[in-house]
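Just so we're on the same page: letters track the sequence lines, and every chain starts at 1.
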There are 2 protein chains.
Amino acid sequence: MDQVFKALADPSRRAILDRLHASNGQTLTQLCEGMAMSRQAVSKHLAVLEAGNLVVCQWRGREKLHYVNPVPIQDIYDRWIGKYERDRLRALADLKRALEDNRDG
Amino acid sequence: MDQVFKALADPSRRAILDRLHASNGQTLTQLCEGMAMSRQAVSKHLAVLEAGNLVVCQWRGREKLHYVNPVPIQDIYDRWIGKYERDRLRALADLKRALEDNRDG
DNA sequence: TTGACAGGCAACCATATGGTTGCATAATTC
DNA sequence: GAATTATGCAACCATATGGTTGCCTGTCAA
């Protein structure tokens, strides 16, 4: 779980995920196009995404195809975001009450 | 948005959010209890959470009360995770097909 | 009014991170 | 089989990050 959050923390990696989301199964070279950094840098980012299981690879000859794996993102929602969403109104009410208490006192 | 992801990337900060989620409106000193690090470290983490607007503060005398703000988390879901969730089945189908194509070829 | 308490600021440190370059290896293609 | 293409590995570098310690300020209570 930590590796997923870590992987998502970098904007370049989120950009890579977005590109794969737009067109799944791209090679490293394809992903490098228009990425304003060296192939090695992109490769490292992909390694981090793989470590977080956000991207899954498939070798075809000398090409490495990259696919988005949506499962960890779903997990983050289920185990983490959903929990906060559920109590969203309560949290906002807490904030509001704190502000009001302060105004009164 | 980037600051929100950055804030969520650290396990200590997620722990702080969880503690506030369990009991909202805690002071710095309260949050430090059982946190295996100095007050300054916790204070820095809270500053990062505030920068990402995940935590909102309210001064009461010499005490600083901390409240979870659920809005950025909701935003992440709306603008980011939801997008991937929507195409989850398609992405999984992509993966499956890639594996099968490889098996055939 | 003096001491204790809650918190902030600044300097410092070790390690993690994001990036680079150079070279090596495996698969194509001519 | 030789050149090209796709990728990996390793060393290196600057900066970001997470942590510490020491000291300062403001508030509350005896």
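- When hydrophobic clusters are built by joining Ile, Leu, Val, Met, Phe, Trp and Tyr residues whose side-chain heavy atoms come closer than 4.5 Å, directly or via intermediates, B:Tyr77 is grouped together with A:Phe5.
- To the nearest 0.5 Å, atom OG1 of residue B:Thr27 and atom CZ of residue B:Arg62 are 11.0 Å apart.
- Residues B:Ile76 and B:Leu8 form a side-chain contact, since some pair of their non-hydrogen atoms from C-beta on lies under 4.5 Å apart.
- A heavy atom closer than 4.0 Å to some atom of DNA chain C occurs in A:Asp10, A:Ser12, A:Arg13, these being the qualifying members of residues 10-17 of chain A.
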Would you list the protein and nucleotides 25-29 of chain D atom pairs, both N or O, that sit under 3.5 Å from each other?
| residue | atom | partner | partner atom | Å |
| --- | --- | --- | --- | --- |
| D:dT27 | O2 | B:Arg62 | NH1 | 3.1 |

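- Proximity of residues 29-37 of chain B to DNA chain C (heavy atom under 4.0 angstrom from any strand atom) is restricted to B:Thr29.
- Partners of A:Asn69 under the side-chain hydrogen bond (donor to acceptor under 3.5 Å, both in side chains) rule, at least two apart in sequence or in another chain, do not exist in this structure.
- Checked by atom type and distance alone, the side chain of B:Arg88 never pairs as donor or acceptor with a backbone atom of A:Pro70 at under 3.5 Å.
- Applying the side-chain hydrogen bond (donor to acceptor under 3.5 Å, both in side chains) rule to B:Glu50 yields the partners B:Lys64; only residues at least two apart in sequence or on another chain are considered.
- Judged as a side-chain hydrogen bond (donor to acceptor under 3.5 Å, both in side chains), and not counting sequence neighbours, A:Tyr67 has no contacts.
- We find the CG-CG distance between A:Asp87 and A:Asp94 to be 9.5 Å, quoted to the nearest 0.5 Å.
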With side chain to side chain contact (heavy atoms under 4.5 Å, CB included) as the test, would you mind laying out the steps for B:Val4 and B:Asp75 before giving the verdict?
-> CA-CA 10 Å; B:Val4 181; B:Asp75 285 348; over 6 Å; no

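- In 5' to 3' order, the nucleotides of DNA chain C bounding all contacts with chain A (an atom under 4.0 Å from a heavy atom) are C:dT17 to C:dT28.
- A:Asn53 pairs by the side-chain hydrogen bond (donor to acceptor under 3.5 Å, both in side chains) definition with nothing, not counting sequence neighbours.
- Residue pairs meeting the ring-ring contact (aromatic ring centres under 6.0 Å, His included) criterion with at least one member in residues 19-55 of chain B, sequence neighbours excluded, are A:Tyr84-B:His21.
- Of the residues in residues 39-53 of chain A, those lying under 4.0 Å from DNA chain C by heavy-atom distance are A:Gln40, A:Ala41, A:Lys44, A:His45.
- In A:Gln3, the CD atom is not crowded: 12 or fewer heavy atoms of neighbouring residues, nucleotides or ligands sit closer than 6.0 Å.
- Partners of B:Asp2 by salt bridge (Lys or Arg N to Asp or Glu O under 4.0 Å), not counting sequence neighbours, listed by chain and number: A:Arg14, B:Lys6.
- Counting only heavy atoms from C-beta outward, the side chains of B:Asp18 and A:Lys83 approach each other to under 4.5 Å.
- Partners of B:Arg39 according to the side chain to side chain contact (heavy atoms under 4.5 Å, CB included) rule, which considers only residues two or more places apart in sequence or in another chain, are B:Leu28, B:Cys32.
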